[in-house]
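No experiment lies behind these values; they were computed from the predicted model shown.
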Amino acid sequence: MSLAEVVLGFLEDAEPWRLRSPQFPSKVGGKPAWLSLRGLPSLSGLECDICRLPLAFLLQVYAPISGQDRSFHRTLFLFCCKTPECYTRNDSRCMKVFRSQLPRKNEFYPYDPPPEDEPPSDLDKDHSVLPVCGVKLCWVCGCPGNKACSRCHAVTYCGKHHQTLHWKHAHKKECGSTEASVVTASPCVFPESELVIEPEEEEEEEEEEAEGEEQTANAQSEDCPSLDETLAETDLEEMAMHETEDNKAFQRFKKKIAPEPHQVVRYSRGGSPLWVSSTHIPSDQDIPACTCGAKRTFEFQVMPQLLNSLCVDSTGASIDWGTLAVYTCSVSCNHDDEYCPEFIWKQDFSSDQQTQIKQS
């Protein structure tokens, strides 16, 4: 993929078996389809840094790196908090992202690509336990969990919070039943969809030229203010300038996504994010280096349109973002089988932009 190339992610329905680990899916919602079946993130690593409750799986992007054997299979996993109060402006502590990668020859998956047809044994598999390594998973969220129900010992959880939630939701009635953990959906997962990608079609780049002409025309049409007016209105001018720059960024964002309004992900490893605002854009110093010492580079961003598909609206409060930009190790370093934390930057809409969105 060239640095300038952008591919877009769209949501589509898919058969559940297509969204499981052996198919190397890109998907939104449901439970994680873990890549490496060892070295999964720790329970503390999967907690919200604000409220300390377990994070929910948001999406994963299958993103192998061509020509790099250690990254023949490579997936990025994004988790987010479901507590609306944790979504303070431009604060990404309620989100985490992890990278997992494997060479083509590994202990978990066949050397050859997965078949296009549904495996005949898929329905018989126990998806609460990872194959090969035997790690038990939480029934509620699909993350590592070896805390079993003390009555039936058949269902496991990542901790007390999800155990209590499941008990109230369904397990109190199902405990001991042979159909326990099968007949009801988890109360904590987002709706599940496949994430399919298509290249973004190139448009004629006339935007910058048009903006330059507009700025020139505005400059020529403005009356020169008096010295007194300049001194009296300095703060107002700074505010107006900021609002103008912010509005330009927002209009540029809207124009760019207009041809494909249903895009939920923009992927461009080594490229640049499409920002929703002119403020809270990270500098190089804001993006920490990888633990291996290499710089991190932009890889993909999550668009605000995804929120429409997550069923997260509630009275007076909701999880929210303008865009989520994910930065990963530029060399995609090895961490054996361990899941490697990467960096996420949350940029929110300004209050004026949110007003425009509601009116549009």
Set of ring-ring contact (aromatic ring centres under 6.0 Å, His included) partners for His335, sequence neighbours left out: none

Residues that Pro282 engages under side-chain contact (heavy atoms from CB on, under 4.5 Å), provided they are two or more places apart: Trp275, Asp286, Ile287, Tyr327, Trp345

With sequence neighbours left out, the residues meeting salt bridge (charged side-chain N to carboxylate O under 4.0 Å, His left out) with Glu116 are Arg18

Beyond-backbone contact of Pro261 with Gln305, side-chain heavy atoms, under 4.5 angstrom: no

Any side-chain heavy-atom pair from Cys94 and Tyr87 closer than 4.5 angstrom? yes

Could you tell me which residues satisfy ring-ring contact (aromatic ring centres under 6.0 Å, His included) with Tyr109, sequence neighbours excluded, listed by chain and number? Phe24

Partner residues of Asp69 under the side chain to side chain donor-acceptor pair (under 3.5 Å) criterion, sequence neighbours left out: none

Applying side-chain contact (heavy atoms from CB on, under 4.5 Å), name anything that partners Val331, two or more places apart in sequence or on another chain. Arg70, Cys292, Ala294, Cys329, Cys333

Hydrophobic cluster membership, Phe98 vs Phe108, 4.5 Å side-chain cutoff: yes

According to side-chain contact (heavy atoms from CB on, under 4.5 Å), who are the partners of Pro110, at least two apart in sequence or on a separate chain? none

Report the C-alpha separation of Arg74 and Glu299 in whole Å, then their side-chain angles, then the decisive distance to 0.1 Å, and conclude whether the salt bridge (charged side-chain N to carboxylate O under 4.0 Å, His left out) test is met. CA-CA 13 Å; Arg74 180 173 176 272; Glu299 184 147 354; 2.7 Å; yes

Any side-chain heavy-atom pair of Ser277 and Gln347 under 4.5 Å: yes

Show which side-chain atoms of residues 44-57 pair as donor or acceptor with protein atoms under 3.5 Å away, not counting sequence neighbours.
unit_1: Ser44; atom_1: OG; unit_2: Ser42; atom_2: OG; d: 3.2
unit_1: Asp49; atom_1: OD1; unit_2: Lys96; atom_2: NZ; d: 3.1

Got a donor-acceptor contact below 3.5 angstrom from the Ser36 side chain to the Ser100 backbone? no

Under 3.5 Å, is there a donor-acceptor pair between the side chain of Ser330 and the main chain of Lys295? yes

If you group Ile, Leu, Val, Met, Phe, Trp and Tyr by side-chain heavy-atom gaps below 4.5 Å, do Leu43 and Leu40 land in one group? no

Is there side-chain contact between Val264 and Val302, with at least one heavy-atom pair below 4.5 Å? no

Note, Thr328 side chain near Arg296 side chain (heavy atom, < 4.5 Å): no

Main chain of Leu274, side chain of Gln301: is a donor-acceptor contact present, judged purely on distance under 3.5 Å? yes

Name all residues meeting the ring-ring contact (aromatic ring centres under 6.0 Å, His included) criterion together with Phe190; count only those two or more places apart in sequence or in a different chain, and write none if there are none. none

Taking side-chain contact (heavy atoms from CB on, under 4.5 Å) as the definition, give me every residue that meets it alongside Val97, ordered by chain and number, with sequence neighbours left out. Val326, Glu342, Ile344

Under the salt bridge (charged side-chain N to carboxylate O under 4.0 Å, His left out) rule, collect the residues that match up with Lys27, sequence neighbours excluded. Glu192

Who passes side chain to side chain donor-acceptor pair (under 3.5 Å) against Ser309, sequence neighbours left out? none

